[in-house]
Structures are given as structure tokens and as C-alpha cells.
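Report on the structure given below.
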Amino acid sequence: MATETVSEQAKRLAREWTPFNLRANKKILDAWGDPAEPPVLVREIHAEITKADPVKGQRFYREFLRPFD
């Protein structure tokens, strides 16, 4: 089985994420890696969510990315 690319992983996690979904949040945080800087994966998840639903994208941004921007 081939491993997922960052883009494929971002799309999968974007489909799973909803506000207050603790299981999806854990998967995203586990993939985070360095807590001092959000990885490309988290930014790509945000982009995928925002394309599909801008309001949901804002919620994701507030939860994961606002402290870094």
C-alpha cells in the first residue's frame, strides 16, 4: 500500500474535521509534529476546508492557526 501524500492526507482530514470533533482534532494534532510551528499539512487542511465551507474554515483557523499568524 502506498503512503498518502500530504495533499491526500489534508483532503482526508479536512473531510473528517468538524468543530468539536475530538477524534479528528487528535489526528490533526498528532500529525502536527513541531508544536512551535504549524506544518504544511495543517495549512493545507485549512485550505481544503475553506474551499468547501468558508465559515467552517474560519472555525478551523481560530482553533488551530490564529496563534501562529
Side-chain angles (χ1 to χ4, degrees):
M1 185 173 119
T3 59
E4 280 182 310
T5 65
V6 170
S7 180
E8 292 166 340
Q9 191 177 13
K11 287 177 184 177
R12 181 177 52 78
L13 290 169
R15 283 191 305 270
E16 290 181 24
W17 189 83
T18 57
F20 311 110
N21 182 338
L22 299 179
R23 191 177 79 238
N25 284 355
K26 181 172 177 359
K27 287 181 184 179
I28 292 167
L29 292 172
D30 287 349
W32 192 281
D34 179 5
E37 178 65 36
V40 170
L41 173 63
V42 176
R43 299 245 182 232
E44 286 197 27
I45 294 168
H46 176 246
E48 288 292 328
I49 291 172
T50 300
K51 278 193 283 187
D53 184 343
V55 173
K56 189 174 165 184
Q58 282 297 323
R59 301 242 359 222
F60 183 90
Y61 175 83
R62 283 193 305 266
E63 188 158 336
F64 289 97
L65 297 171
R66 182 184 289 174
F68 298 96
D69 291 340

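Please read all numbers here as calculations on a predicted model, not as lab measurements.
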Interatomic spacing from NZ in K11 to CZ in R15 - rounded to 0.5 Å: 8.5 Å
Minimum side-chain heavy-atom gap I28-F60 below 4.5 Å: yes
Atom pair CZ (F64) and CZ (R59), whose distance is rounded to the nearest 0.5 Å: 12.0 Å
Hphob cluster co-occupancy, L29 + V40, side-chain heavy atoms under 4.5 angstrom: yes
Carboxylate-amine/guanidinium contact R12 E8, below 4.0 Å: no
Residues, nucleotides or ligands: over 12 heavy atoms within 6.0 Å of K56 NZ: yes
Distance (rounded to the nearest 0.5 Å) between T18 OG1 and R23 CZ: 9.0 Å
Crowding at CZ, F20 (>12 non-hydrogen neighbours, <6.0 Å): no
Between CG on residue L41 and CD on residue Q9, distance to nearest 0.5 Å: 4.5 Å
Passing candidate, side-chain contact (heavy atoms from CB on, under 4.5 Å) with L13, options N25, I45, V42: I45
Nearest heavy atoms of I49 and W17, plus distance in Å: CD1-CE3, 3.8 Å
Heavy-atom check, side chain of E44 versus side chain of E48, under 4.5 Å: no
